[in-house]
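Structure first, then comments.
When a residue number appears, it is its place in the shown sequence, counting from 1.
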Amino acid sequence: MTALVSATGAVFLAACAARRRMPVVRRVLAVPVPVAGRVVVGALVCVAASAVGVGFRLTAVGSGPVRALAVRGATAELGAVVTGDPAVLKAGPSSRRHDTLLVPVRVEEVEFAPGTTGRLRVRVPVLLLADDPTWRRLVPSQRVHLTARLTTPRHGDLLAAVGLVRGPPALVGRPSPPQRWASTVRSRLRAAASRLPSDQRGVLPGLVDGDTSLLDPELADAFETAGLTHLMAVSGENLSLLIGAVLMAGRFTGLGRRAVPVLAGLTVFGFVLVARPSPSVLRAAVMGSVALLAVVTGRERRGVPALFAAVLVLVLLDPELARSYGFALSALATAGILVLGPPWRRCLTRWLPQSVPGRLPRRLAGALAEPLAVAAAAHVACAPILVLLDGEVSLVAVPANLLAAPAVGPATLLGVLAAAVAPLSLPSARVIVVPAGLAVGWITEVARLCARVPYAAVGWPAGAAGAALLTVMFVVGALVLRRPGARRAAAAAVAGTALMVIGVHACAPGWPPHGWQFVTCDVGQGDGLALAAGPGRAVVVDTGPDPRFIDRCLRALRVRAVPLLVLTHPHADHVGGVPGVLRGRTVGTVLISPDSEGEERRLLTGRRVLAAGIGDVWSVGPLTLRVLGPLSSLPVSTRDPGTEVNNASVVLFARWPGLTALLGGDVETEAQRTLLAAGLPRADVLKVPHHGSSHQDPDFLAAVHARIAVTSVGVDNDYGHPAPSTMALLARLHLRGYRTDHDGDIAIVRSREGPAVVTRR
């Protein structure tokens, strides 16, 4: 990753430098970089700084007593300082008390075994994995004493070790006064925003200090699809708005030239403190200051050397940034604004007013030149890295940013004002957040609207090859658009493609398909099934691991009521998405496995929860469900081995007029043989048990006599699902196989020839 980011930056900057010696590059970029040699030297110095910084950090974390203990897998007592906010890694299957928290710390003292005397002084970064909720309340600068089992880090992280911690920390003293003040500001801002609508309540703290703890997951997806996630990532744009407002206020009040920079510096310091002095926030502070310097002075040429200096200093201070995608995106966005923004703005200023009839429309078109150039330059500069990460190209990012831009400034500045007032007067802050909430409401509506646009994001080859292909296409496109005739041809091609896409979208069958009866939702590595039970109603069997996925699937199916929710067994990949089913829907009875200890009930407070009984029959509209299993009688919990919990799955036989399905949960070989011995009904559709794992009984699969096999499985999962042997077995049984990792949502519909399959990728 380090080499990739460094090489990408070096090639980009060297191309800018060589503009006078390379006519093609000059025509593509059209950027005023006066001294090519200085730019080349700057690029090489940044690459060298990255290599040197990472080398020193690798030496520091790869040796010493902490790494030695990690290699041995030993347990040690540590004295550490919290360096960042604890974050939730993954919620447990049925209770918040099982949440795994990621806590970054700097270990400063270590002893080799609990109870021994003598401590060694060290200073190395360690990532703690803790499950006690006490860790969630810690803030940076808090000193703690703990006992952890150390292991070596994976994936090349620049850490000395990863520590597994059980129980609460022993607090040593209190956090520093600045950090206590920052925590007060953050908590009081959340309290001030608590009376706003849910969307506004979740987004406003993100705009001000990057706190997205209250953000709805579905809205977070919409922001990501619309290309607006940067607004809540404590970006340089937020800080630029804040500093700009401070400078204007200083000049308006008559502060002298010496006082205004001091006030701006204090503003930057307070911003970094409240938003937490993590590497991402420091990056935003430096990059935002660089962009503001260029815009305020009107000297974009000075912005490029300042960007070099910022990258150099940040990489030397924190070598981890050299392998950070976030850092690469921030640097490239700033470079795009500085290098590509000015010439594009000038071109748009000349072209837009000429192409629009009418005096007022021409003025509006001219006013769009600046924001359009900035949004397009930042998006184009970041697109190759985004493709490298997601394998998607957003087609709505630029218009979404243009639509949201008028509200970003008021929302951010009013939010900052509310944060400043909240520690002094919470009622006054609640008044201030009302207009801020209105501006935030506009941004959220833009995000939702753009995310619903057909083909808002299109697939693209992922990885380095996809990033390189997109870069080449940008260069070719820039060359083509230099010529008037080529521009007209390109415009015609784009218009023709758009008409074709619109026509295909209008003529293609929509989603959900008419008359759907059984849908296997693409919830990743897990199960989430929707069984039609009447207009706007469905029985849901399992919910997948993430509330966002099952909620998105049910919304697409227009399911407003869930009269029956079945949780086959208490594994996280089957019950983790329960909040997504409950979101905005009426939910009736909940069935759980009769062998479960009932841990699922904690997710369903106030709901009617029953244990499924063998032979029970449930009729909901046209759907009839019969409980076939489990046939075991041993109570299980998530603390038991996986096979025992899997074999406790509720097994269902579903019947509609003209269609039947067998839903096998996660039952493995032993339970399958027991069910086979008790007698299995024939079914048209088989939901392959346990995501197509290798633990399948061939006689069980054959006895169903199904024509269609559906496997719910996650892309590139760590379990090797589905097993090649299982897929080969299904093929030998002449079952038509469908998989959510390949086909997306899979719907079974009735047809004259029998059950038909419609997929949605």
- Task: Report yes if the distance between the aromatic ring centroids of H690 and H569 is under 6.0 Å, otherwise no.
- Result: no

For the backbone of [Y] and the side chain of [X], can you confirm whether one donor and one acceptor N or O come within less than 3.5 Å of each other?
{"X": "D132", "Y": "T134", "result": "yes"}
{"X": "W656", "Y": "A532", "result": "yes"}
{"X": "Q672", "Y": "V667", "result": "yes"}
{"X": "N717", "Y": "G720", "result": "yes"}
{"X": "S649", "Y": "N646", "result": "yes"}
{"X": "R585", "Y": "D551", "result": "yes"}
{"X": "R739", "Y": "T711", "result": "no"}
{"X": "D743", "Y": "I746", "result": "no"}

- Message: For the CZ atom on R655, are there more than 12 heavy atoms of other groups (residues, nucleotides or ligands in this structure) within a distance under 6.0 Å?
- Response: no

- Message: Please check if the number of heavy atoms outside R682 that lie under 6.0 Å from its CZ is greater than 12.
- Response: no

- Contacts of D85 that satisfy side-chain contact (heavy atoms from CB on, under 4.5 Å) - sequence neighbours left out: P140, R186, R276

- Taking NZ, NE, NH1 and NH2 as the nitrogens, is one of them in R448 or D199 under 4.0 Å from a carboxylate oxygen of the other? yes

- Message: Counting C-beta onward and ignoring hydrogens, is there a side-chain heavy-atom pair between R558 and P535 closer than 4.5 Å?
- Response: no

- Message: Could you check whether any side-chain heavy atom of L531 comes within less than 4.5 Å of a side-chain heavy atom of V541, counting everything from C-beta outward?
- Response: yes

